[in-house]
Amino acid sequence: MSKNGNTRKRPPPPPQPSPAQTPKHHAASQEDDFLDEDVFLDETLLLEDEEILRDSEGRQALAARLSKWSRPPLSDAYVSQSRSILFQQLEIDYVIGESHKELLPNSAGPAAIIRIFGVTREGHSVCCHVHGFEPYFYISCLPGMGPDDISRFHQILEARMKEVNRNGKVPKYIRRIELVEKKSIMYYQQQTSQPFLKIVVALPTMVTSCRGILDRGIQIDGFGTKSFITYESNVLFALRFMIDRNIVGGNWIEVPAGKYKKTAKNLSYCQLEFDCLYSELISHTPEGEFSKMAPFRVLSFDIECAGRKGHFPEPTHDPVIQVANLVTLQGENQPFIRNVMTLNSCSSIVGVDVMPFDTERKVLLAWRDFIREVDPDIIIGYNICKFDLPYLIERAETLGIAEFPILGRIRNSRVRIKDTTFSSRQMGTRESKEVTVEGRVQFDLLQAVQRDYKLSSYSLNSVSAHFLSKQKEDVHHSIISDLQNGNAETRRRLAVYCLKDAYLPQRLLDKLMFIYNYVEMARVTGVPISFLLSRGQSIKVLSQLLRKAKQKGLVIPNVKHAGSEQGTYEGATVLEARAGFYEKPIATLDFASLYPSIMMAYNLCYCTLVTPEDVRKLNLPPECVNKTPSGETFIKSNLQKGILPEILEELITARKRAKADLKEAKDPLEKAVLDGRQLALKISANSVYGFTGATVGQLPCLEISSSVTSYGRQMIEHTKKLVEDKFTMLGGYEHNAEVIYGDTDSVMVQFGVDTVEAAMNLGREAAEYISGTFIKPIKLEFEKVYYPYLLISKKRYAGLLWTNPDKFDKMDTKGIETVRRDNCLLVKNLVNECLHKILIDQDIPGAVQYVKNTIADLLMNRMDLSLLVITKGLTKTGDDYEVKAAHVELAERMRKRDAATAPNVGDRVPYVIIKAAKGL
DNA sequence: AAACGTTCCTAC
DNA sequence: TCAGGTAGGAACGTTT
């Protein structure tokens, strides 16, 4: 239950075998099969002396465990600090601390210290304290402001900062103000640069308060009261550091020997901990050797709680009774540590270190010690961010174990639990909890799968069934307490389940190559890995934009949230669907990455957009500008190339290279990296357009997004016209071509020919011909043929998909009940079967008969209408009530027939099926 | 009855 | 300031 990310109710699982049965008596049962064959294949690593195992509190056992858990010892070169430290960083944050006196002799008072956590090639953990990097932002300099004015401005601003930050204790709020030459990224500007002021403040939070002062307006002698647009004042400090030092998420960093100082007193539990200046860091581009992964330690864990019957476990009441852990080195396919901490005795499990304790307190503290000793770099699990981690912490709080939540890499630093109260009218007040474990990346498989895959259920079991082909009965939450209250054998059974729930996330991580894909995404976009699950899409585009802008001397303004009046803009064209059943091949022509190509072809960018005012003033020659179909004017690339087109070109070029390298690659790990990279590059290119249209985002520019869609609309209409004008009998072809449908970047063409092969040839000819009429890199491609093709309406169709003329690839279905997740399984099965009969068997009467039979079958046994469970809130109108009643009755009949496929609350049943049911 | 608005989920 | 976009179908509720 706790693992179930799906809030929709499902029928209860079949009854579990009696807990009284001992596993040994049914060693061939599914659960043992599953575990013995899969989880613990590699037993040699963990064969333990049974004596030691049982004596969990013995010093000997503890010592043995610690030595097995700990990281490899440091070599002499590290100890003597005679070598450079090279490590792959996984996490970057900052703290406020006293300025480093040796490294920064001229500074005093509190300062932001960047912390970089990572792992060396040998598997040593690293904590690097980076000093001297200061928070800053920009404003544009007022015309006529000289050095004296700036110095006066500095004083005024400092005074205002003092007022606003009354309890802050820094010697100086505004460290300095530098006059720099920059240019705003917004709008085409002829001049090469303008004076800007770089305002360097003492602490990162002061960027926000200083921005507030400048936003509201400030009185400056000789200039009156002025308010300023700030630039790059919303860039998170750690990201600012990464951008300025050219560090991207998950890359390798080197600190040369002699450039770092071992910390006087270790603040962290890391093996290598040192201080250095921000300017001494060498950031390696993730290529060649530096595209490899360090051997990070990945901990996968799961907890079991003894919830009261019928209640979801609450940390204030219900104890944690088991914690299962698996630790795997990145790149290896078997965990090197497997253990389970249990409350009360537990029979041994082959290949697993069973650690029984007599109090819950000891269980929790054992886990804390385990974390500290193993020192995992990445913590994974299923729903750990919203359940397991907060639960452990709140439980320890309830039990008054103050020393428990020291789980991060910083000594004596308690894990912070942030309560984010999310209040919405619909959900009421919903609390969500956010746990930060310093120096360790949390990677919740539930979040990752929900982000990357569309599934009908996100329970661990069904996700595992989907990706790992492992169907496994879950232990029902109602019997967890019974198993716990039984004996060592029943608790063993529970432990086996707990281990499974720790094991499956690890398998998912490997199977879906999340590490490779996410590290590559972090490298491509430049954000820390932790952002990828905890933040949205836009931060990734912003990160790339800031980096590119910095190279070009451009700065990015903080646009004010313009409210809701900004409105929306027109999107893509969906061509009228000529609904019907097509028994001749339909060729599909698609624009390859339409929106990125449009942005590149027409040089659409913030910095190429010409304001309407400048259009009149600048008198730009027509050969230098494009006027978009939505009426905006952009500079052509011969005058100045846009940043967005440049980012896109790089992403696309890099993707081509990654794909080419992928073909050459032999090593499976290298292949995984490259495949992850090409995927990351594709996704990144596609999200640039969305970023410009995100009205609540960081830098919306609807002139760009509406221009993109307006070109797109023009292009699809142009394509339709060209196809229908050229491929005619008058033009020498056998038939007149007809565009029967099209959506955004595609057109479906009936060329009139009878064979797939002929349609393919004409499709290729059309794609080539039409591509020639567009500017580079816009390209129309022939992709596939549908034959036969059932077009129901816009965004709803099905057909057999052919990519070669010999045999069809598959049945492809779009928008129909079969692909929607709000229909019950019976409806999906029914519609799927019908489509199969229509498309593959070409038996339409058979499909009709099939529907009739199914409904009739459902109606065999009479139903009463007493159970109104499907739809809530019946209306008073007689007819509506009738429909509802039919709906409910049908649902109930389905339930009697087969509970697994019957509708649940919230499921839809198509109207046609209700009508059919009523009619019979 | 028809028209319109909301919710959900999908296509692109 | 947690948060990529618009178009569109189907079911269902409410208003006219």
Side-chain angles (χ1 to χ4, degrees), chain A residues 8 208 211-212 215 233-236 418 420-424 426 432 434 451 454 456 525 531 533-542 558-563 566-577 579 588 590-595 683-702 704-706 708-710 712-713 716 741-748 792-797 812-823 827 870-877 879-881 883-884 887 903 906-915:
Chain A
R8 286 165 61 185
T208 317
R211 175 183 61 200
D215 268 345
S233 59
N234 56 343
V235 184
L236 298 164
K418 208 170 71 184
T420 44
T421 39
F422 195 86
S423 216
S424 85
Q426 230 175 21
S432 95
E434 206 176 287
R451 273 203 177 209
K454 259 183 0 195
S456 54
T525 60
F531 279 25
L533 280 182
S534 67
R535 310 286 300 259
Q537 299 293 320
S538 65
I539 190 74
K540 298 191 279 187
V541 180
L542 184 68
N558 271 67
V559 288
K560 288 220 192 74
H561 202 186
Q566 191 135 29
T568 184
Y569 63 94
E570 194 180 341
T573 294
V574 182
L575 297 179
E576 217 42 62
T588 306
D590 285 79
F591 286 102
S593 350
L594 178 69
Y595 287 175
I683 296 170
S684 299
N686 285 333
S687 49
V688 172
Y689 152 77
F691 179 84
T692 66
T695 43
V696 285
Q698 299 273 4
L699 194 62
C701 183
L702 299 193
I704 297 174
S705 24
S706 62
V708 171
T709 55
S710 69
R713 293 193 296 274
I716 193 173
Y741 179 55
D743 186 346
T744 310
D745 62 352
S746 66
V747 289
M748 315 295 206
I792 298 172
S793 66
K794 284 180 175 179
K795 299 193 190 280
R796 283 165 65 84
Y797 60 81
D812 196 19
T813 318
K814 294 287 164 70
I816 304 175
E817 282 74 8
T818 48
V819 296
R820 292 181 64 95
R821 296 177 296 175
D822 51 358
N823 288 277
V827 166
I870 301 306
T871 322
K872 290 168 281 182
L874 298 183
T875 46
K876 286 150 204 119
T877 7
D879 199 64
D880 265 6
Y881 186 85
V883 170
K884 278 284 155 49
H887 203 151
D907 280 349
R908 290 154 182 259
V909 178
Y911 217 74
V912 275
I913 292 184
I914 296 168
K915 278 187 193 157

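We name chains A, B, ... by the order of the sequence lines, and we start the count at 1 in each one.
At the phosphate of dC8(B), neither OP1 nor OP2 sits under 4.0 Å from any side-chain N or O atom of Lys454(A). For the pair Arg535(A) and dA3(C), the criterion of a side-chain N or O lying under 4.0 Å from OP1 or OP2 is met.
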Intermediate values then yes/no, side chain to side chain contact (heavy atoms under 4.5 Å, CB included), Tyr595(A) and Thr744(A): CA-CA 10 Å; Tyr595(A) 287 175; Thr744(A) 310; 3.8 Å; yes
In sequence, state the C-alpha distance, the side-chain angles, and the governing distance for Leu236(A) and Phe531(A), and then conclude on side chain to side chain contact (heavy atoms under 4.5 Å, CB included). CA-CA 11 Å; Leu236(A) 298 164; Phe531(A) 279 25; 3.7 Å; yes
Should Asp745(A) and Ile716(A) be marked as a side chain to side chain contact (heavy atoms under 4.5 Å, CB included) after you check the CA-CA gap, both sets of side-chain angles, and the distance that decides it? CA-CA 6 Å; Asp745(A) 62 352; Ile716(A) 193 173; over 6 Å; no
Dump the intermediate steps for side chain to side chain contact (heavy atoms under 4.5 Å, CB included) on Leu702(A) and Thr695(A), then the final yes or no. CA-CA 8 Å; Leu702(A) 299 193; Thr695(A) 43; 3.9 Å; yes
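Atoms OH (Tyr741(A)) and P (dC12(B)) sit 6 Å apart, rounded to a whole Å. Going from atom CG of Asn823(A) over to atom P of dA11(C) covers 9 Å, rounded to whole Å. Taking atom CZ on Phe591(A) and atom C1' on dC12(B), their separation rounds to 14 Å, with Å as the unit. Computed from coordinates, the Leu542(A) CG to dT1(C) P distance equals 17 Å when rounded to whole Å. Rounded to an integer number of Å, the gap from NZ of Lys418(A) to P of dC2(C) is 9 Å. Between Asp215(A) atom CG and dT1(C) atom P the separation is 11 Å, expressed in whole Å. Going from atom CD1 of Ile816(A) over to atom P of dC8(B) covers 23 Å, rounded to whole Å. At whole-Å resolution of the value, CG in Leu702(A) and P in dG4(C) are 16 Å apart.
Mapping Gln698(A) and Ala694(A) onto DNA chain C via the closest heavy atom, the residue that lands nearer the 5' end is Gln698(A). Nearest-nucleotide mapping onto DNA chain C: of Ile539(A) and Ile792(A), the residue sitting toward the 5' end is Ile539(A).
The closest side-chain heavy-atom distance from Arg211(A) to Asn234(A) is below 4.5 Å. Looking at heavy atoms from C-beta onward, Val574(A) lies in side-chain contact with Tyr741(A) at the 4.5 angstrom threshold.
For Thr709(A), the side-chain hydrogen bond (donor to acceptor under 3.5 Å, both in side chains) test picks out Arg713(A), with sequence neighbours left out.
Heavy atoms of Gly693(A) sit under 4.0 angstrom from primed sugar atoms or phosphate atoms, though from no base atom. Backbone-only engagement by Ser538(A) is indicated by non-hydrogen atom pairs under 4.0 Å involving sugar-phosphate atoms exclusively. Within the nucleic acid shown, Tyr797(A) comes within 4.0 Å of sugar-phosphate atoms alone, with no base atom in reach, counting heavy atoms only.
The side chain of Val819(A) has dT10(B) as its nearest neighbour among dC12(B), dT1(C), dT10(B).
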Protein-nucleic acid N or O pairs under 3.5 Å, nucleotides 7-9 of chain C:
{"from": "dA7(C)", "atom 1": "OP1", "to": "Gly571(A)", "atom 2": "N", "distance (Å)": "3.0"}
{"from": "dG8(C)", "atom 1": "OP1", "to": "Lys794(A)", "atom 2": "NZ", "distance (Å)": "3.0"}
{"from": "dG9(C)", "atom 1": "N2", "to": "Arg820(A)", "atom 2": "NH2", "distance (Å)": "3.2"}

